[in-house]
Each structure stands twice: as structure tokens, then as C-alpha cells.
Amino acid sequence: MTATTGTTRRPRPGIDLHVLGPILALLVLVIVGASLNSNFLSAANITNVLSRSAFIGIIAVGMTFVITSGGLDLSVGSMAAFIAGLMILVMNGLLPTMGPGWPLVFVGMLTAIVAGTAAGFVNGFLITSMRIEAFIVTLGTMGIYRSLVTWLADGGTLSLDFGMRAVIRPIYFEGLLGISWPILVFALVAIVGEIVMRRAAFGRHAAAVGSNDQVARYSSVNVNRVRMLTYVFLGILVGVATIMYVPRLGSASSSTGVLWELEAIAAVIIGGTMLKGGFGRVWGTVIGVLILSLIDNILNLTDGVSPYLNGAIQGVIIVLAVILQRERKAEG
Amino acid sequence: MTATTGTTRRPRPGIDLHVLGPILALLVLVIVGASLNSNFLSAANITNVLSRSAFIGIIAVGMTFVITSGGLDLSVGSMAAFIAGLMILVMNGLLPTMGPGWPLVFVGMLTAIVAGTAAGFVNGFLITSMRIEAFIVTLGTMGIYRSLVTWLADGGTLSLDFGMRAVIRPIYFEGLLGISWPILVFALVAIVGEIVMRRAAFGRHAAAVGSNDQVARYSSVNVNRVRMLTYVFLGILVGVATIMYVPRLGSASSSTGVLWELEAIAAVIIGGTMLKGGFGRVWGTVIGVLILSLIDNILNLTDGVSPYLNGAIQGVIIVLAVILQRERKAEG
Amino acid sequence: MTAALSLAGICRSFGPVQVLGDVDIALAPGRVHALIGENGAGKSTTMKIMSGYLAPTRGTVSLNGEPVIFAGSQDAEGRGVVLIHQEFNLADQLTVEQNIFLGHEKRRGPFLDKAAMQAESRALLERLNCRVSPRATVRDISNADKQMVEIAKALSREARVLIMDEPTAVLTEREAEVLFEQVERLKAEGVAVLFTSHKLDEVARISDDLTILRDGRVVSQGLTAGFDQDGMAEAMVGRDVSSLYPERRGAIGPGTALEVRGLTVPGHATDVSFSLRKGEILGLSGLIGSGRTETMEGLVGLRSATGEVRIGGKPVSLKSPKQAQAAGLCYLTEDRKSRGLLLDKGMRENLTLQCLPQFTDWLIDTAAEEAALTKAIAEFDIRAPSRGVAVGNLSGGNQQKLLIAKVMLADPDTVIIDEPTRGIDIGTKQQIYEFIHALARAGKSIIVISSEMQEVIGLADRILVMRTGRIAGEVSGVEMTEDRIVRLAMGLGARREEAA
Amino acid sequence: AQDTRVIGVSIPAATHGWAGGMNFHAQEAIDRLEEVYPELDFVLATASDPGKQVNDIEDMVATRDIAALVVLPFESEPLTGPVKAVADSGTWVTVVDRGLAQEGIEDLYVAGDNTGFGRVSGEYMVSALPEGGKIVALRGIPTTIDNERVAGFEAAIEGSGIEIIDMEHGNWNRDDSFTVMQDFLSKHGEIDAVWASDDDMAIGVLAALEQSGRDDVQFVLGGAGMKEMIGRVRDGDTMIPADVTYPPAMIATAIELTAIGLTSTAPVSGTFTIGSVLITQENAEEYYYPDSPF
Ligand SMILES: Nc1ncnc2c1ncn2[C@@H]1O[C@H](COP(=O)(O)OP(=O)(O)OP(=O)(O)O)[C@@H](O)[C@H]1O
Ligand SMILES: Nc1ncnc2c1ncn2[C@@H]1O[C@H](COP(=O)(O)OP(=O)(O)OP(=O)(O)O)[C@@H](O)[C@H]1O
Ligand SMILES: [Mg+2]
Ligand SMILES: [Mg+2]
């Protein structure tokens, strides 16, 4: 990887200039947005953008650990769809017996977390114990969850019972002190993630495993356990993201969470984590997520560009955001 | 990098047992297919399967080199769609002046090859000279080409003039001595690829770069040049694949070549090439491609399974195919 | 007194090849035991078996007299048996401190106690008086520092038995001294120490007991005092190697092979000028980190550098090693593991990588490659368990030999050899020195970078001494004494002399 | 047995709400007809892109020697050639919804009318906003279908004083339309109505509206006839005063007609257009199918 050409250029957390890369890109976007549309910085719009980012954001934090430890997970999008479907089915199923209300919501949440844990465990097991390329494993599970949800929904859409929707709705739309729950949860996950990455042994071990798993093994780090845990945590976070997602529209279908995996991975890399593993930073990922959802937002707030070209603009900005970063790196 | 931990488990072409993995998986599929439907082994069906494998196949051969040298290309699918669109536009545009006929077909072919070369060069340039993660670069260009074709087609479909279709049709549907052109071209590309990988300096250098680019550099291998070439070759092969594709459907749209990149990469890895780079084998890729398109074919041979579950079955088989292989490897 | 750790009748095979046969060794607490032998004799394998990285095929390992079967290196380490690998065993992207405490992080509650770990790392490194900062990333520090970090890592593990596989291979005498002080300290604390080295003077100096391996068998064992260096060497190699450095025969040619003016490698070397005559052997000495490697890497285009270079009188601009090679100039790296060889590939692929075109007329001539390999194996006496073995499984020294063979295959007119005999046994050293002289006699020019003062003096016609990236001076003929060189290297009362 | 004849059904995969409904009706029809006609055998294949759909059709011909093909083309252009080849080989061909790019290939054409769909929607807009107004529109996945619908809509509101102040792709997807609508609401202070052009997108739009608490938006017009939406029309929801059908069940009609065509002598060839109907509170009841997942 070009990143390791023996020169002394490398990201040193918090120190060198390339840290500025993502932040700069974000700032540029904010400025552009503000100059294009006066409502861009309105509380409403900011709340919208942040709340929307929460799903990908929460997942991307987990993805940061997976990638840092040298792994990859393409299945998160379909996994989210599948878990959402499951959650809805369970809640609809228990509605007659339990009736609409918070107890049932908690059952739903539990379902999501348990399913997420299990899904993460399956990925982790196939990758660590069966020693299969993470890419293949998660490509496989991606297809599996996607078609399972299609099957559960009979090709259509699984919708949460209306009565229940009213109960669960606040989880996405309400909040604390004017900050909506998704934003709060995202913030919490990000902060905890950042601390774990920098201040807990697990973060170090993940980086060590990603940097050189043999060395980690010789240094009595339980490599398989670390790898497994990264996938399980990711699974749990997918569950959490789903808990935020279901209340929004109260439905899940085969088109739920399509391409979330690519967005999450892109966010992680834009944030400065190395795809080959060995170095990761959660705060960078958060910025990456914000960059991605700001692009969408800005494109919607501006006319002029043919909507057909949105994808192209997105692509260009993603690449630019990373160039910016690499350039800085070169100097640092 | 697990690749360099000096354990004796490393694939040595032709020697150890894990070579059997993909072949075995393929055989199993053939047997299953034959037992499910008597027409499975009919000339017609075999021709169908092989011809349609050609697109992914030709691309996957190029992808093998990219991955072997430690790279990745997510843009091939959109690239194919874009090139197809371009090719059609050019041919339609020149139709009035040149009239339908082989000269125009050749112009179309030329367009495809030139566009492919350029696209590959762009990817290569951003990755080698700008030192950006291949994943990000090609994720970006993926979005760009996809929306460019949508834009060219104005959201709809670009279709080749019907007069012209009749002329160009034979490129996909006819052949030599009863073997259709796509099959012949695929075979040719695969054979050349295999020879280059095993017997030409370029193949060696690609593997060296993927195994440890520092060592390659110190051994006066021009690392950037090798990397660049792998992307350019891939681009050219995408062009070739498009030349086979356009005669088949005579049209291109935003839904052309969707997910080809994943199929191609999956084929490469199923074939036993290491995603981390350092070792690749073209013949394995060919088998991987056949496995993938056989799965589709077999799923069409039988009713019973809900079509919603196709994706799941596919996923399971892909993972199994690789497990088979890994198991062998463990012994070898 | 019961042995802290002992092997009895240990055998080990890799596939069909047996590399150890009936090895018995006993390590006593508070004593230093030296294990020496040729490259490929089985030293590292023995040490790996002692520390749980490898399981013996036969035989018993006993800890404090009790037979044990280590579940793995963790288990062994848990019981106080620690191995410092011959090859670096550090995670590149992590910092020094992170590496030292990897797997044994200090915690305060759920969190890491970074302050404590930083402090302790600093203390450990201080003890080894190594200047590298605990915050530095391992990828950026020098080999010597990496070695010191490895040692610090081992020291941090409260070892009862400390096993060091060629710890001094990348160290100069000065740093080796520091290490030996630590060894003395551990000895005093009753730690049993086993180490191996190809520098027999060290062995003679610091070890109490000695075991000599040849072809995986113990050929001689006893108190070190009972051996003199020539005796050791002879027991190891099986022939007389007392005259290590060959007589300088054949005069230096008249023509200038290489002329360097004002070579500057940003951050590493400034205004380096020297010239090299045909058939001359130029030594390049200096302390670790003096920038010798970087200077030469700049010269051959591996690092961005400025300055003018003339080869055979003609000015050339070398932007890449490929160009340098085309101009007849090759550099042999000091870092065989991460810059020299593809560890997951076979010997053939590695040997021919640098000059594949020689073997290619539109297709690679595998037969010719095999022939070249056969020749190299014979010429450099590479001991491999099998031709197909991944070079990662070659013994350290044999990797080094393969690396030299690889570069020599390019048949350069001028070759820069960085640490040519690092990790090479005395017998082979002799062969390599012979080989270098043969090159010189054939009119080729050689630059030898070495941290072994004796080696430079023994080999070179003329020695340049570098200090913090500059040429501190030049010595030749009778001036070539350790004292003179060290003074220049450390900048003690050395008038800045212009390089010829 | 040899006298059983096979009908191949090739449709796009359930990648969005309407397609999902269509998939459901196809399966439901097949299960039902297999009971009714023991001498008929059905093969259902769903494709994620035109290429895959052509593969499916090739496989049906090569390995299942189908007597009839019912195809809902993913896209007209790419399917025209291959379907023509099937028709030329003497197989009965029924085309559903989108016509092929060439006339007269199929034996039976059960046509949906996308332009009509757009037109009916447009006409309703005009009637609902007599003195004109500012509306935003959400488009589907960029395809010919979507283009036709929008063209029909724009033609219908031509000169009515209704202005489409903004248009973005919601991809027939609830999440995307939710996002787009949120941004429309931040961007435009005054929106009189929304043409969601699809019931899935309407759901996203409604969620965004509900959250914003804006009252300037008078109503949302969806389309396709999702049961949930028809229900709300029936119950007189002021935000959903109407809906425009584009019944996914047309695939069932096509399969059934084809079955009849194969098994009886009743004439079924020709074109059979399923127009888009405006559903209002009056006629909502008769379009409400409680058991459909769509
Ligand atoms: N994993 C392995 N697979 C096959 N052969 C091996 C493996 N590890 C070591 N060998 C062989 O065992 C023999 C002894 O290796 P070892 O590393 O112990 O030698 P050594 O005494 O350490 O040599 P050196 O002084 O060069 O380090 C060598 O021939 C080596 O090729
Ligand atoms: N103790 C140190 N602290 C910080 N940086 C160091 C230290 N030692 C070396 N370096 C840096 O690492 C670079 C590489 O060191 P290295 O030891 O390779 O230099 P060298 O002159 O080639 O010595 P040798 O050839 O013996 O390794 C040095 O040029 C210097 O910039
Ligand atoms: Mg050794
Ligand atoms: Mg050096």
C-alpha cells in the first residue's frame, strides 16, 4: 500500500496536518451550503441532516473498528433491512397479546439488539474460525439478509401497525432539550467509540491486529477474539441504528438500507482510517458521515444541476475530500 | 499482512490440494444442474451460460491482475454502462454519415476500447500518482460513470438504431465453428491472461507489488507503472466486454452493469486469488465466473424455491465454494 | 541446582526435513548461556521450541526440573519464558509505547493508564539509553531502535528466562555494550539468559556456558572459558577460519567509477561528496542513525535527493533504482525482511525479481531461472530445507545470502552493500569477504556500509565516516583504526576534513 | 408428463413497492392457476436488471421449452430483441405494462399507461388547485417509465397556473422521498401541494410533513393504489384526497389471459389496456384489497 512507503509520512493521531483534511472538507461544504441557501443553517435543516446521518453514523463507528482490525463488512445494509423487518414482525405479532405501549417497544428493541448480535457473530465466526475472506463472507450474508427480508415481506413492505407507530414515533422525532434522540444516540456512540479506540485496550488490540496479526498473536493478544468482537459490536450497532430507523417510517422493505455498507465504508475512509487496517479514528469517521449527508442535503437545496448528475458530484466530492487529506499528509 | 507470516500454508499453483476447491465446487454445481434438468447439458444451454459469462469473465480476468497487485476496482460495472452508452451514441451519431455497416461497427469498437483505456488510466492515475485508496477512487468513479450514463440517457434508455442492431447482432449471437464469439473472446482473454500471470514479467511484478511493494521498489520494479498498467488493462477489458454486450441488448441505461463489480471481485476471490494481493491465478477466476453464472442458471431450472430466496441461495453457495477451498488449503 | 529451563533429546522436523536432532541444553538461573552455530544450524528453532512458539517433534522441555508442554508463546510467557525474535516482531503502525505494552497494557479501571505506560517505556528505553521517543511510530525509527524496543518489550515482561535470538546483529559495539549491562543486571537478579550471536568476541565476553550446534545437533558444550574464538569457529564451521579477512590483492584501477558531489537527502544527509575508483572497496562507517543508509538510498533514487552524480565521468540523474541499475549501480538493503525479500514467495521468484528482463524474452525462461538458483545456492552456500520453501521459512542468515545473490545477479559495476554480514555466520562471512574481494579484483567498485568497525577496517581500502548526515572525515591506510573512526563518528576533536 | 405445457413468467425483482406488489400478484396468480389448470406448469423468474431478465428468458427457452412467455420488460429497448426471438420461434408472447420498442411482436399486450398515469394525476392537480399554485414533485428511479409519467403530468398541468417549483428523484423509495421532502420543506417557504407520483413516496412525504408541522401544504397525491393509501382516501383523509391507480395486479390479468389462451379456444390476443383510474372517496371502496401486501 502506498501508505507505507518507508518515508516518515504517516498519520500520527492528533499531531500532523493531515488531520485537518476531513475537517477542512467539512467546513468547505458548510460554507458552500450556507452561501447557496439561507435555510441551510436553520435549526430545522441541521436537525434533519444530523438525524438522518445517525443510521449510517452509528454503523460507521462500528465499521471503523472492523476496518481498523483489518476486516470489512459489506452486509450491514441488508442486515439493517433484515433486522428492521424482524423487529416489525415481532412487534406486530405481539401486539394482540401485549397491546401497544412501551413494553412492546422494548421487546422490539431487544429483538433488534439480539438479532444484530447474532448476525455479527455469524460474520465473525465465518471470518475468524472458518478463515474465509471477510469480503466473501459479508458479500454472501449481504445477499442472504437482503433476500430474507424480501421473503419476509413477500416482496412488498413490512409495515408496523399504525397504533404501534404512534407509540414508537417519538424515538426518531422527539428528543431531549430540543436535540432529537437519533442525534443524541449517535453522539453517545461516537464518543464511546472514540474513547474505546484511544483509551481502551480493545482499540489498541484492534489496531495491532490490523497492523500485523502475527505480531499481535506473539504479543499474547487473542487475535480471533478481537476480530470476532469487532464484528459483534458492528452487529449490535446495526441493531441500534435499526431501532432509530424503524420509528421513522414504521416500515421495512427490500429497498431498506441499500448501499448503506458503501456509505459507511466511504465515511470511515474519508475520515482517515486505513482500509488495510492498523490505524483508525472514530472522530474522523463522524466527520466522514457528516460530509456524505451534507452532500445530499446541499444537492437537494440547490437547483441548476441535473439530478441525474448528483451521483457524479458526490463521487467527485468524495475523491476530493480524500485528496485534500492526502495532500496534507504529504506535508505532515 | 497475514500473507507474509512465513507459515508454510501458501498456495503454490498446481501443487497443493486447495487447487481442487473451486474445480470441485464447479463439478458439484454441474452435477446438481444435470440432475435437476435434462436440458441443462444441452448445447443450447451451455452456449447460453458461457456466452453470458463472457462479460463478467473478461472483466474478472483484468480484475485478477488489479487485485493481485494489491488494488481493487469498484467502478467496472458503471464503467461498462458508460462505455456502452458512449458506444451507442457514437454509432447512432455517425449512422447518417457512415450508414449501417461494419465500418461503423469498428468505429464503435474503437470508441469502446479508447474509452476503456482512458477510464482505466484515470483510476490508475488517481490511485498511483495521487496516492488515494483504490477503494475510494473507484467508489467515486463508480458514482460518476453511473450518473453520467443516466444523464446521457436522460434518465431513460440509450438504444442503438434498429438498422444498426441487425448489423452488430452477430458479434454476440454468431460465432466460429458453432462457438459463439463471446465464448471465443473470453477464452482468448483468459488464456492470454493466464500466460501473462504465470510466464510474463508483468505477472511476476504484479504479484511482487501486491506481496510487498517496498521490496518491489528496492528490486527496481517500477511499482507505480505496474499498478497503473493493471488498471489500464482492466479498463481495456471492460471496453472489450462492452463490445460483446452492446450487440446483445442494443441498449444501455442506468441499470446496465449494476453490481458487475461485486460479481467480478467475487469470481476472482472464489478462484483463489488473495484479496490482500500477492498471489493471483487467472484460471481460478474463470472457474469462479462459471460458478457464479451456473448458480443463476440452475436457479432458473427449478421452480419450488421462492425467487425471493435466490439471493440467499447464491450467498450460501458462494461462501460454501470458498470454504471448500479454504478447507483444502488447511490440509495443503 | 536445577536448571531454570532445559531441553532433553529435542528433535524437530519441518515436513520431511529434520532440522534438530537430540538437542540437550540446560539454562541455569543467574547464568548466561550462548548458543552458536552456522546459519541454518537450528538456533532459532531451538529457541522457538524453548519459548513455546514451536512444538518439538520429540523430546521434553522442562521448567525448573518439571517437564512442561507449552500451549503456546502466551503460555510460555505466562511462566516467565520470554523470547526476543531474530526478526523484528513489532507492529509498524503502532507507537513504541504501544508495542512495548502490547497484550499487557496497564489499566486504570476500564481505561488504559497511558501516563504510567509512557513513563515506564521511557524508563526502560533510558535504561538502554535509547533516544527514541515512546510516542514515535515504529515504522519511522531505525533498525537499531527497533531492536532496542524489542529488548525493552522483553524487559517489561519480568522474564525468569530471557532468550535473545541475535540481539546484537543490528547493533554497534556501543549499543551492544548497553545491552550487555542489562544482561549483567538480569544475571544478578537470577534470570537465566540464553542468547545467540555470530559475533564470537561477544560470546566469549559475556557468556558463562556455551553450546555449539551444527546441522541441528550439539557438537560441543561446556564452559565458555574452555573455548577460544578460533576454537568456537572451527567447531561451528568444521574448518579453520582464523584468517577472516582475505589479503588485499590486485591494485585499485585508475579510472573513477562513481563521483558524488553535494548529495543532500532532506532530513537525513547534507552535502555528501566522495568519489570511488574502479576496483576500490570504500567503507562507510558511522554510528547508527548517522544516515548512511539514507544517503545511499538517496544516491540510487530510493529517496528524493539533490546533488550531482557522475558514473564513469558521465553525469547521470538517478530518479529510481531502475535507472541506477541501468547505469550499473545497485544498492543492497540492510532490511532484508521488509525491503529485501518477498517472504511468501519461493527462492526462485526472489532471486530473479531484480533482473527479470535477463530471463525474459517475451516469456520468462523458468529453466534459466532454476539454473540461476542452482548456481546461487552453490556460490553462496544457501542452506534451504527444500527448493520450494517460502523464503520466510529460511533461516535468517540464509535469507541474507539469498538477498546478496539476488543483487549480484544484476551484475552491477558498482554495488553498495548495507550491512552485508548482518546475521551471517563466521564461515559464510569469510566466503562473502572473499567474494567482495573477487568483485574488486574483477574491476568492480564496492561501497560497504557496516556497523561492525572491524569489518569495515578489514575490508576497505579507504573509509568515510558519517556523523549526523555529514561526512565527518576520511581515513585510509594506517589511519584506519577503531579509535580514529570512533572519534570522527562521535565528533570528538576531529577536524572537519574534506572527502577526497 | 409430456402433455403439460409450461408458461414462463419473467418480471423485474421486487426492488420497490410497486414491483413488490406486482411480484406478489404474479405468485398469487400462479399458485391459483396451477390449481385450476393441472395441465399447465409455471416458471417464475425475477430479474434485477435487463441483462439478467434476458438470461432468464434464454434459460426458459433453452431448458424449460416454454409454450408461452409472460414478460414485464425491465426496460423496453433491451428486451425487444430477445423477446422478438422468442416470438419468432413460435412461442406465445404476452407483454405486460411496458410495450416493446417494436410493434406487433407480442400476441397479447396487457398495457399499463404511464403517460396516462401522469395525465390523470395532472388533471386531478388542476381540478384540486383551480386557481393554480406552487407544487413540488418527486420522481421515481430514473427510467423511461418515470419520464413518461412526468411528461404526461406536465402536459396535463400545462397552462393551468400550477407551477412545479422543484423536482427530485425519490426513487420510489420511502426513505429517499422522506429525505427529499425534508429538504424541499427547508428550501421552499410556500408549497401548496405535492405530487409524490407513487404511494411509497407519498408515505415518506407525509412523514416529513408531519414532522415539519407546516400547514401550507394542502395535500399529497401519490399513485399506484397501495391499500394503505386507498384506505386513507376512503376514510376521507384530507392530506390524501385521492390516488391514481397503476394496478400491479395487471400481471395477474396477463398470466390468467395467457393461461386461457393456451388452454381454450377463446380469442385472447390483441391489446388490453389497463388505464389509470382516479380514486376518490366515492369509488375508493371497490379498489381496496385488504389481503394484498401492497
Ligand atoms: N517453518 C519452517 N518450514 C520449513 N523449514 C524451516 C522452517 N523454519 C526453519 N526452517 C529450516 O530449519 C533450519 C534451521 O533454521 P533456524 O532458523 O533455526 O537456523 P538458525 O540457526 O537460526 O540460522 P541463522 O543463524 O541463519 O538464524 C533452516 O534450514 C530453515 O530453513
Ligand atoms: N535514536 C534515534 N532517534 C531518532 N531517530 C533516529 C534514531 N536513530 C536513527 N534515527 C533515524 O532513523 C534513520 C535510519 O537509521 P539507520 O540506523 O538506518 O541509519 P544508518 O546510518 O543507516 O544506520 P545503520 O545503517 O547502521 O542502520 C536515521 O537516518 C535517523 O534519521
Ligand atoms: Mg536464526
Ligand atoms: Mg542503515
Side-chain angles (χ1 to χ4, degrees), chain B residues 33 36-49 51-53 55-56 77 81 88 147 149-151 153-160 162 165-166 169 172-173 245 247-260 293 296-303 306-308 310-311, chain D residues 6 8-15 20 23-24 26-27 30 34 41-65 73-82 84-85 98 101-102 139-148 150-151 169 171:
Chain B
L36 282 173
N37 186 309
S38 52
N39 300 328
F40 176 73
L41 292 175
S42 67
N45 190 50
I46 291 175
T47 306
N48 284 345
V49 174
S51 318
R52 72 175 71 132
S53 322
F55 313 131
I56 302 283
I88 290 172
S147 60
V149 71
T150 319
W151 178 70
D154 211 344
T157 311
L158 286 163
S159 48
L160 188 56
F162 270 92
R165 274 192 215 189
R169 211 172 162 289
Y172 182 84
F173 292 94
Y245 176 86
R248 186 183 189 202
L249 301 184
S251 72
S253 75
S254 55
S255 57
T256 303
V258 169
L259 292 188
W260 281 11
S293 45
D296 278 342
N297 183 243
I298 290 176
L299 288 171
N300 281 339
L301 295 182
T302 55
D303 10 57
S306 151
Y308 298 141
N310 287 359
Chain D
V6 183
V9 181
S10 168
I11 56 177
T15 51
N23 273 257
F24 168 83
Q27 291 217 300
I30 287 174
E34 269 178 336
D41 209 350
F42 293 85
V43 197
L44 175 63
T46 66
S48 48
D49 65 86
K52 171 78 164 61
Q53 189 169 27
V54 173
N55 296 352
D56 294 341
I57 295 174
E58 282 178 354
D59 288 345
M60 288 175 183
V61 173
T63 64
R64 313 297 296 269
D65 48 37
F74 201 107
E75 281 167 9
S76 307
E77 292 291 345
L79 268 296
T80 303
K84 187 172 190 303
R98 297 149 221 183
Q102 274 176 322
R139 308 188 54 157
I141 296 169
T143 47
T144 324
I145 310 164
D146 182 61
N147 293 353
E148 288 172 5
V150 172
H169 286 273
N171 307 321

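Quick note on labels: first sequence line is chain A, next is B, and so on, each numbered from 1. Quick caveat, the model's predicted, so the values are computed rather than measured. Side chains are part of it too, since the values below use all heavy atoms of this structure and drop only hydrogens, waters and symmetry mates.
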Check: Under the 3.5 angstrom rule, does the side chain of B/Asn37 hit a backbone N or O of D/Thr63 as a donor-acceptor pair?
Finding: yes
Note to self: Looking at every non-hydrogen atom in both residues, tell me the closest pair between B/Asp154 and D/Asn147 and how far apart they are.
What the structure shows: O-ND2, 3.0 Å
Margin query: Report which part of B/Thr150 has an atom under 4.5 Å of a heavy atom belonging to chain D: side chain, backbone, both, or neither.
Written below: side chain
Note to self: Minimum heavy-atom separation for D/Gly20 and B/Tyr308, please, with both atom names.
What the structure shows: O-OH, 4.5 Å
Check: B/Phe55 versus chain D, heavy atoms under 4.5 Å apart: side chain, backbone, both or neither?
Finding: neither
Next item on the list: Quick one: pull up CG in B/Asn310 and OG in D/Ser48 and give me the separation to the nearest 0.5 Å.
Entry: 9.5 Å
Next item on the list: Tell me yes or no: between the side chains of D/Glu75 and B/Ser251, is some donor less than 3.5 Å from an acceptor?
Entry: no
Note to self: Taking the side chain as everything from C-beta on, heavy atoms only, tell me whether B/Thr157 gets closer than 4.5 Å to D/Pro78.
What the structure shows: yes
Check: Looking only at heavy atoms, which two atoms of B/Ser42 and D/Ala62 are closest? And how far apart?
Finding: OG-O, 4.4 Å
Next item on the list: Considering only heavy atoms and a distance below 4.5 Å, find which of D/Asp56, D/Val61, D/Leu79, D/Val43 pairs most often with chain B.
Entry: D/Asp56
Check: Rounded to the nearest 0.5 Å, how far does CG of B/Leu259 lie from CG of D/Asp49?
Finding: 8.0 Å
Note to self: Return the OG1 to CG distance between D/Thr80 and B/Leu249, rounded to the nearest 0.5 Å.
What the structure shows: 10.0 Å
Item checked: Which atoms of B/Asn300 approach chain D - backbone, side chain, both or neither, heavy atom under 4.5 Å -> both
Notebook entry, point to check: Can you name the salt bridge (Lys or Arg N to Asp or Glu O under 4.0 Å) partners of D/Glu58, sequence neighbours left out?
Noted result: B/Arg52, B/Arg248
Check: What residues, two or more places apart in sequence or in another chain, satisfy side-chain hydrogen bond (donor to acceptor under 3.5 Å, both in side chains) together with D/Gln53?
Finding: D/Ser10
Note to self: Report which part of D/Gln27 has an atom under 4.5 Å of a heavy atom belonging to chain B: side chain, backbone, both, or neither.
What the structure shows: side chain
Check: Which atoms of D/Phe74 come close to chain B, meaning under 4.5 Å heavy atom to heavy atom: side chain ones, backbone ones, both, or neither?
Finding: side chain
